[in-house]
Structures are given as structure tokens and as C-alpha cells.
Amino acid sequence: IPGYGDSPPVEMAVTAEGRRTFLERVFQELGMQTPVLVSPSMSGRFSLPFLLAHEDRLAGFVPIAPVGTKDYTAEQYRRVQTPTLILYGDRDTGLAPQALQNLQHLPEHRVAVLPGAGHACYLDKPEAFHQALLGFLHQRK
């Protein structure tokens, strides 16, 4: 994610619109038509603006305790028809409950909770994470 960790900051990533545009360009450069967007933690600042503006351009959405869910209203989420797998570890008591509270307004969602996993549930329980993700992806075919 531009501007996080050791990556250099990107001027366009300052606003939600800029982050949405950045993600549009990434998909365009990679030649992706309707991908499934997997969005852990800080990437929510990019994925959520994209989802709310271009839900028709995603085959699916997999938020993993993303940040920024409280920036949008229940009504905004209710308009999104993208199939969604809300995924998190049951030991993530910080972001996961807040994200679930907001994202559960997405009408086409289901929830997968990974027992014994924290915020980075894909690292804590990789087999369970991949099983949940692959199950969701197989339904998208």
C-alpha cells in the first residue's frame, strides 16, 4: 500500500478519491476486468472507496478487518450488491468488531471467523484462511 510501511508516499493517496483512482489504475495496468478484491487492514482505505464507487467492477470482495469502515453509512453499504466474505480472526478485538458492525450492512455478505487467529488471521491460521477464501472463490465461478 503506497505510503505505508517502507513504501514511498504517493500524492494521490491523500484522499479517498485519489486512493480509488490509484486502485483503478492498478487494475487497469494489470488488465483485470472483474477481480475479487482481498483487502486486509490498512488496504481498506483503498478498497472501500473503490467498492462503493465501482461495485459492478468486482466479482467479489474479501475484507479482513479493514480500516475505514466507519467512514461510510449503513445506507451506502446497503447499495452494494458485490458478493462479500467478511473474514477475521476471533482474537482481533480491535478492528474486527468495528469492521463487522459496519460491513454487515452489505446485503450479499457472509462471515467467516477463524478461531485462534488475531488481526493478521491469514498469518496466524493460513490453512483455515485459505480454506475460507478458496470456498468463497469457487462460488464466484
Side-chain angles (χ1 to χ4, degrees), residues 1-30 32-141:
I1 301 172
Y4 296 99
D6 293 331
S7 64
V10 174
E11 190 65 34
M12 73 182 335
V14 174
T15 66
E17 183 177 334
R19 292 186 295 270
R20 175 187 50 78
T21 300
F22 177 83
L23 197 51
E24 286 174 16
R25 289 183 183 168
V26 168
F27 289 154
Q28 183 178 23
E29 288 296 316
L30 294 174
M32 300 174 123
Q33 299 300 316
T34 51
V36 171
L37 181 56
V38 179
S39 180
S41 197
M42 293 303 288
S43 67
R45 294 272 183 226
F46 290 78
S47 66
L48 292 169
F50 186 88
L51 173 72
L52 294 170
H54 300 297
E55 54 126 344
D56 58 317
R57 292 177 54 190
L58 293 174
F61 181 53
V62 183
I64 307 163
V67 301
T69 61
K70 65 183 179 198
D71 295 345
Y72 304 97
T73 66
E75 186 53 41
Q76 286 176 294
Y77 288 120
R78 284 187 195 105
R79 289 188 216 125
V80 175
Q81 297 300 313
T82 303
T84 300
L85 174 63
I86 301 169
L87 187 57
Y88 64 94
D90 69 351
R91 292 190 179 166
D92 182 354
T93 58
L95 272 175
Q98 180 183 86
L100 178 61
Q101 179 181 357
N102 294 305
L103 295 173
Q104 68 185 350
H105 296 290
L106 292 166
E108 297 296 323
H109 83 274
R110 67 181 183 123
V111 178
V113 182
L114 303 185
H119 182 63
C121 62
Y122 40 87
L123 296 177
D124 294 341
K125 299 290 182 178
E127 190 172 310
F129 170 80
H130 286 107
Q131 186 176 31
L133 179 60
L134 290 172
F136 179 72
L137 294 176
H138 285 298
Q139 291 178 341
R140 305 286 61 82
K141 288 184 175 183

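Values below: every heavy atom of this structure, side chains too, minus hydrogens, waters and symmetry copies. In this text, all values refer to a predicted model and were calculated from it rather than measured experimentally.
Not a single ring-ring contact (aromatic ring centres under 6.0 Å, His included) links His130 to another residue, sequence neighbours left out. Scanning for side chain to side chain donor-acceptor pair (under 3.5 Å) contacts around Gln104 gives an empty result, with sequence neighbours left out. Here Tyr77 pairs with nothing under the ring-ring contact (aromatic ring centres under 6.0 Å, His included) rule; sequence neighbours left out. The ring-ring contact (aromatic ring centres under 6.0 Å, His included) test applied to Tyr88 returns no partner, not counting sequence neighbours. With sequence neighbours excluded, no residue forms a salt bridge (charged side-chain N to carboxylate O under 4.0 Å, His left out) with Arg110. By the salt bridge (charged side-chain N to carboxylate O under 4.0 Å, His left out) test, Glu108 is found to be paired with no residue, residues two or more places apart in sequence or in another chain being considered. For Pro97, the side chain to side chain contact (heavy atoms under 4.5 Å, CB included) test picks out no residue, with sequence neighbours left out. Residues passing the salt bridge (charged side-chain N to carboxylate O under 4.0 Å, His left out) test with Asp124, sequence neighbours excluded: none. Remark: Arg78 pairs with Ala74, Glu75, His105 by the side chain to side chain contact (heavy atoms under 4.5 Å, CB included) rule, at least two apart or across chains. Remark: Pro63 pairs with Phe61, Pro66, Thr84, Ile86, Leu103 by the side chain to side chain contact (heavy atoms under 4.5 Å, CB included) rule, at least two apart or across chains.
Screening residues 51-70 for salt bridge (charged side-chain N to carboxylate O under 4.0 Å, His left out), with sequence neighbours left out, gives no hits.
Two residues are said to be in side-chain contact when any heavy atoms from C-beta on lie closer than 4.5 Å; Thr34 and Leu58 fail this criterion. The closest side-chain heavy-atom distance from Val36 to Arg140 is below 4.5 Å. Between Asp71 and Leu48 there is no side-chain heavy-atom pair separated by less than 4.5 Å. Under the 4.5 Å side-chain criterion, counting only non-hydrogen atoms from C-beta, Leu106 is not in contact with Thr82. Contact annotation: the side chain of Glu24 approaches that of Phe50 to within less than 4.5 Å [non-hydrogen atoms, C-beta and beyond]. Contact of the Leu51 side chain with the Leu37 side chain is not registered, since no non-hydrogen atoms from C-beta on lie closer than 4.5 Å. The side-chain heavy atoms of Leu133 and Val38, taken from C-beta on, include a pair separated by under 4.5 Å. Residues Gln139 and Pro83 fail the side-chain proximity criterion, which asks for heavy atoms closer than 4.5 Å.
Both the sub-6.0 Å distance and the 45° axial angle are not jointly satisfied by Arg25 relative to the ring of Phe27.
A donor-acceptor contact shorter than 3.5 Å is absent between the side chain of Gln98 and the backbone of Leu95.
With a 6.0 Å radius and a threshold of 12 heavy atoms from other residues, nucleotides or ligands, Gln81 has its CD atom above the threshold.
A donor and an acceptor atom, one from each side chain of Ser47 and Ser43, are nowhere located under 3.5 Å apart.
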### Message
Show, in sequence, the C-alpha distance, side-chain angles and deciding distance for Asn102 and Tyr72, and conclude whether the side-chain contact (heavy atoms from CB on, under 4.5 Å) test is met.
### Response
CA-CA 8 Å; Asn102 294 305; Tyr72 304 97; over 6 Å; no
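Contact between Ser39 and Gly44 at its shortest, heavy atoms only, is OG-N, 3.5 Å.
Taking CZ of Arg45 as the reference point, atom CG of Leu23 lies at 15.0 Å (rounded to 0.5 Å).
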What donor-acceptor contacts under 3.5 angstrom involve side-chain atoms of residues 114-123, with partners at least two apart or in another chain?
residue : atom : partner : partner atom : Å
His119  : ND1  : Asp92   : OD2          : 2.7
His119  : NE2  : Ser41   : OG           : 2.9

